[in-house]
Every structure is written in structure tokens, then in C-alpha cells.
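Working notes, beginning with the structure itself.
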Amino acid sequence: GNAAKLKIYGLFKQANTGPCNIPKPGGFNFVAKAKYDAWKGLGDMTQDQAKEEYISFVAELAGADEPAPAAAASADSAAVEGLDVSTEDGVFTIRLNRPDKFNALTWKMYTGIGELLNSAAEDPSVKVAVLTGTGKWYCSGNDLSNFTKNMPPGGPQEMASNGQKVLNDFCDAMIKFPKPLIAAVNGPAIGIPVTTLGLCDLVYCTDYATFKTPFVSLGQSPEGCSSYVFPRTFGFAKANEMLLTERQITAQEACDGGLVTRIFSKDRFRDEVDKVAKHMAALPPQSMRISKSLIRHEMNEKLLEVNARECEILRERWLSDECMTAIMNFLNRKK
């Protein structure tokens with residue numbers, strides 16, 4: 001409820017800023033007064049004490065079954081929960097497999113996908129890679145419990161820094177992948193599975209797929225290089241409509257705008273994507289790599305720069321009051 005949300009807010013501010021150092025709101029600004037009282041009420045509690053209480057309280061609210069990201073951790077990508085991996089006829093497929101969670105991405109999945117792509121880049125048996133989902137959804141984006149479960153010892157600051165590195169490495173792996181990368185969008189997509197489509201070479205979707213990027217309402221900002229790719233794909237007006245107004249677009253709109261290569265009906269989707277992937281896998285591999293390099297070379301340097309900048313801004317946003325409020329609202333809905 002509201003009491004829990006205010007307690008989280010107060011502990012978050014105390015852990016990151018120290019004792020309350022702002023004037024008491026006046027007038028009838030009841031929300032601001034409630035936040036002020038929650039922070040002021042912690043008195044001279046040290047930042048370390050506030051950090052410990054914050055971690056304990058958030059873990060109690062959200063549960064603790066998904067580890068927080070570790071900047072230097074190396075995942076066993078072949079056995080990451082939520083990912084199914086297969087190779088057939090030179091086609092390497094990474095399938096998101098959390099249908100009960102709409103294939104939302106955990107920190108382990110981010111790291112696992114990046115490591116799988118890096119490994120596939122060096123594997124001569126892999127000619128083409130495909131990203132797809134299980135069930136009715138392609139991917140519902142970032143699992144917001146990434147920010148609430150098993151907070152690391154360094155608290156929100158460490159969580160944000162580790163999350164920045166995980167996301168940066170994930171997108172870098174897609175940008176640097178030297179072989180054809182196909183996105184097979186089998187259903188609705190929200191957030192990062194939408195923004196990273198511009199990092200893929202071919203994008204196929206079902207006729208009922210939808211695309212949405214709700215960053216602003218979550219107190220966050222664009223990622224996946226979408227701040228650079230989307231205006232150059234859709235044009236600034238349409239890109240702004242997606243990234244700033246959060247308008248959801250249809251498969252046909254995504255195809256007309258250049259984000260999607262082709263649309264297939266649900267009953268033909270898997271067969272058509274397999275056909276394209278296997279055709280590409282049968283072509284001369286060196287010619288394929290050289291051709292992709294020529295197409296992507298100049299853009300990739302820019303994309304790596306944009307990705308680093310977006311991830312740094314996201315780290316700052318994750319530590320902001322606006323983002324904290326969005327996470328508190330999420331926790332309240334979960335309760």
C-alpha cells in the first residue's frame with residue numbers, strides 16, 4: 001500500500017542522499033508532504049543503515065528468487081533459465097521461454113543471450129542466428145523485478161551500475177555479431193525487444209504482433225540504440241510518437257515504417273522464417289560476413305557510442321525519484 005511505498009521512498013533517499021535536506025512543502029501538496037515526512041522521519045539514520053533496511057524491506061516485499069546482476073559474473077549460457085537454445089542446419093536459435101511471464105527478460109537472460117551470441121560469432125558451425133519467443137508473446141521487455149529482488153550489498157547504486165553494464169554488454173553483443181541476425185517476432189513486444197529490432201539484420205513478425213516502448217511512464221529513457229535508429233527508420237515525427245507518447249503500433253505500421261522486413265500469418269510464420277534462415281545458412285559464409293560488414297561497418301561504430309550513452313543515462317534514471325516511484329507502483333500492484 002501507500003505506507004510501503006513511502007517507506008521505500010524514504011529509505012531510498014536516505015541511502016543515496018543522507019538525512020533530509022529539503023524544505024517542508026507548503027500549501028496543499030499532500031503527496032510532497034507525505035514523501036517529505038517519510039524521509040524526514042528517518043532522522044540521523046546513516047546511509048549504510050538506510051541501505052541495509054532498504055534492501056531488507058524490498059526483498060521482503062518482492063521475494064528473492066532472481067539474483068541481481070553481477071558486473072563481472074559469467075553465466076552458464078547453455079543452461080540459463082528462461083532460454084532454450086538449438087542449432088539445426090547452421091541456424092542457431094535462441095528462444096525466450098518464460099511464457100507465464102510473457103517472456104520478460106531477467107538479468108541472467110540478458111547476460112546469457114549476450115554470451116550465446118559472442119560464442120556463436122566464433123563457432124564455424126553457426127551461419128545464422130535467430131531470436132524468437134515461446135507462446136503468444138515475443139517479449140514483454142525488462143522484468144521489473146530485476147530492480148527489487150536480491151538487491152546487491154551496495155544497494156541501489158550498485159544495482160544501477162551493474163544493470164548498466166549488463167544492458168551495455170547485451171546490446172554490444174547484438175551490434176558486434178558478425179553473422180546474419182534474424183528477429184522472429186511471434187507476438188506482442190514491449191520495450192527492449194522492440195528497440196533492439198534495429199540491431200537485427202532481418203525482422204519477421206506475425207500479423208498480430210504489436211510494438212510499444214513505454215519508457216517515459218516508467219521514469220526511464222530509450223535504450224537499444226532506439227534514440228538513434230528509430231528517427232532514421234521511421235522519421236523523427238513517427239519515432240517521437242513511439243518513444244515519447246508511447247503509442248503502440250501494429251505489425252503493418254512497423255513494416256510500412258521499415259522496422260519489420262515482412263509479415264506472415266500465424267499458421268505460416270515459423271515455416272517461413274525457417275525457410276529464410278536455412279536459405280541464408282546455405283549461402284557462402286565468408287561472402288555473407290563480408291557483405292554484412294560492408295553494410296554495417298560505419299553504422300556499428302556509431303551504435304556502440306549511442307549504446308554506451310543510453311546505458312549511462314539509464315543508470316541515472318534508475319536512481320531517480322521518478323523511476324523509484326514507478327517501481328513502487330509496480331510493487332504495489334504486485335501486492
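For the single chain, residues carry numbers from 1 onward in sequence order. Given the structure is predicted, the values throughout are model-derived calculations rather than measurements.
- Contact between T17 and Q47 at its shortest, heavy atoms only, is N-NE2, 3.8 Å.
- Residues Y138 and I190 have side chains not in contact (no heavy-atom distance under 4.5 Å, counting atoms from C-beta outward).
- Looking only at distances, a side-chain donor or acceptor of S291 sits under 3.5 Å from a matching main-chain atom of S287.
- For the pair T87 (side chain) and F92 (backbone), a donor-acceptor distance under 3.5 Å is absent.
- Looking at heavy atoms from C-beta onward, I182 lies in side-chain contact with V128 at the 4.5 angstrom threshold.
- Listed here is the closest heavy atom pair of I192 and T196: O-OG1, 2.7 Å.
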- Decide yes or no on side-chain contact (heavy atoms from CB on, under 4.5 Å) for E312 and Q164, but give the supporting numbers first. CA-CA 7 Å; E312 170 60 28; Q164 174 188 359; 3.0 Å; yes

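- Linking Ile, Leu, Val, Met, Phe, Trp and Tyr whenever their side-chain heavy atoms come within less than 4.5 Å leaves V276 and V203 in two separate clusters.
- Taking the charged nitrogens against the carboxylate oxygens, E88 and K278 do have a contact shorter than 4.0 Å, which makes a salt bridge.
- The closest donor-acceptor contact from the side chain of R315 to the backbone of C311 lies at 3.5 Å or more, if one exists at all.
- A salt bridge does not link K179 to D201: none of the charged nitrogens lies less than 4.0 Å from a carboxylate oxygen.
- Under the 4.5 Å side-chain criterion, counting only non-hydrogen atoms from C-beta, S226 is in contact with L243.
- For F234, the ring pair (Phe, Tyr, Trp, His ring centres under 6.0 Å) criterion is met by F230, not counting sequence neighbours.
- For N118 and E122, the side-chain atoms include no donor-acceptor pair closer than 3.5 Å.
- Once rounded to the nearest 0.5 Å, the distance linking CD of Q157 with CE of M159 reads 9.0 Å.
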Scan the side chains in residues 209-216 for donor-acceptor partners under 3.5 Å anywhere in the protein, sequence neighbours excluded, and list what turns up.
unit_1: T213; atom_1: OG1; unit_2: M242; atom_2: O; d: 2.8

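- In the hydrophobic clustering of this structure, V185 does not group with M280; members are Ile, Leu, Val, Met, Phe, Trp, Tyr whose side-chain heavy atoms approach within less than 4.5 Å, directly or through other members.
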- Task: For the pair N307 and I175, evaluate side-chain contact (heavy atoms from CB on, under 4.5 Å) and give the outcome as yes or no after the intermediate values.
- Result: CA-CA 9 Å; N307 181 39; I175 295 167; 4.2 Å; yes

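- Residues E246 and S217 have side chains that bring a donor and an acceptor to within less than 3.5 angstrom of each other.
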- Criterion side-chain contact (heavy atoms from CB on, under 4.5 Å) on M288 and K292, from CA distance to verdict: CA-CA 6 Å; M288 185 67 74; K292 173 171 176 172; 5.8 Å; no

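- Checked by atom type, the side-chain pair E158/S161 shows no donor-acceptor distance below 3.5 Å.
- If you run side-chain contact (heavy atoms from CB on, under 4.5 Å) between R268 and each of R270, K266, E272, only E272 comes through.
- In this structure, S320 contributes its side chain and R317 its backbone to a donor-acceptor pair below 3.5 Å.
- For the pair D321 and K13, the minimum side-chain heavy-atom distance is below 4.5 Å.
- Using cut-offs of 30° and 60° on the angle between ring planes, the pair F170 and Y110 is perpendicular.
- When hydrophobic clusters are built by joining Ile, Leu, Val, Met, Phe, Trp and Tyr residues whose side-chain heavy atoms come closer than 4.5 Å, directly or via intermediates, I94 is grouped together with L105.
- Scanning both residues, V80 and G112, for their nearest heavy atoms gives CG2-CA, 4.1 Å.
- Taking the six-membered ring where tryptophan is involved, the planes of W318 and W107 are perpendicular, since the angle between them exceeds 60° and thus also 30°.
- Between the side chain of S119 and the backbone N or O of E115, no donor-acceptor pair lies under 3.5 Å.
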- Query: Stepwise, does the side-chain contact (heavy atoms from CB on, under 4.5 Å) test hold for C323 with Q220?
  - Reply: CA-CA 6 Å; C323 188; Q220 301 187 36; 3.9 Å; yes

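- Of the options N168, N162, D169, a side-chain hydrogen bond (donor to acceptor under 3.5 Å, both in side chains) to K165 is made by D169 and by none of the others.
- G141 and P193 get closest at one heavy-atom pair: CA-CD, 3.6 Å.
- A salt bridge is absent between D89 and K127; no separation between the charged side-chain nitrogens and carboxylate oxygens falls under 4.0 Å.
- Separation of atoms SG (C205) and CG (L259) is listed at 9.0 Å; rounding is to 0.5 Å.
- The hydrophobic clustering, which links ILVMFWY residues whose side-chain heavy atoms are closer than 4.5 Å, places V194 and L303 together.
- A donor-acceptor distance shorter than 3.5 angstrom exists from the side chain of N103 to the backbone of T134, with no hydrogens or angles considered.
- Within the model, atoms CD1 of I249 and NZ of K238 stand 9.0 Å from one another, a figure rounded to the nearest 0.5 Å.
- In this structure, the side chains of T93 and T132 come closer than 4.5 Å at one or more pairs of heavy atoms.
- Residue D143 forms a salt bridge (charged side-chain N to carboxylate O under 4.0 Å, His left out) with just one option from K101, R98, K108, and that option is R98.
- Between the side chain of N186 and the backbone N or O of G135, at least one donor-acceptor pair lies under 3.5 Å.
- Note that the CG atom of L117 and the CG atom of D172 stand 11.5 Å from one another [nearest 0.5 Å].
- No side-chain heavy atom of P222 sits less than 4.5 Å from a side-chain heavy atom of T195.
- At least one side-chain heavy atom of Y208 sits less than 4.5 Å from a side-chain heavy atom of P188.
- Remark: L199 CG to C171 SG distance equals 6.0 Å, nearest 0.5 Å.
- Counting heavy atoms of neighbouring residues, nucleotides and ligands inside a 6.0 Å radius, atom CG of D44 does not exceed 12 of them.
- By the 4.5 Å heavy-atom criterion applied to side chains, L83 and R95 are not counted as neighbours.
- Taken together through direct or relayed side-chain contacts under 4.5 Å among Ile, Leu, Val, Met, Phe, Trp and Tyr, V273 and L131 form parts of separate hydrophobic clusters.
- Nearest heavy-atom pair across A104 and S140 is CB-OG, 3.4 Å.
- Here the closest heavy-atom approach between residue V306 and residue S227 is recorded as CG1-OG, 3.8 Å.
- One distance of note links CG of N300 with SG of C225; it measures 9.0 Å at 0.5 Å rounding.
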- Item | From CA spacing to verdict: side-chain hydrogen bond (donor to acceptor under 3.5 Å, both in side chains), T46, Q49 | CA-CA 5 Å; T46 68; Q49 289 174 326; 3.3 Å; yes

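- If you look at F269 and Y204, their ring centroids are not closer than 6.0 Å.
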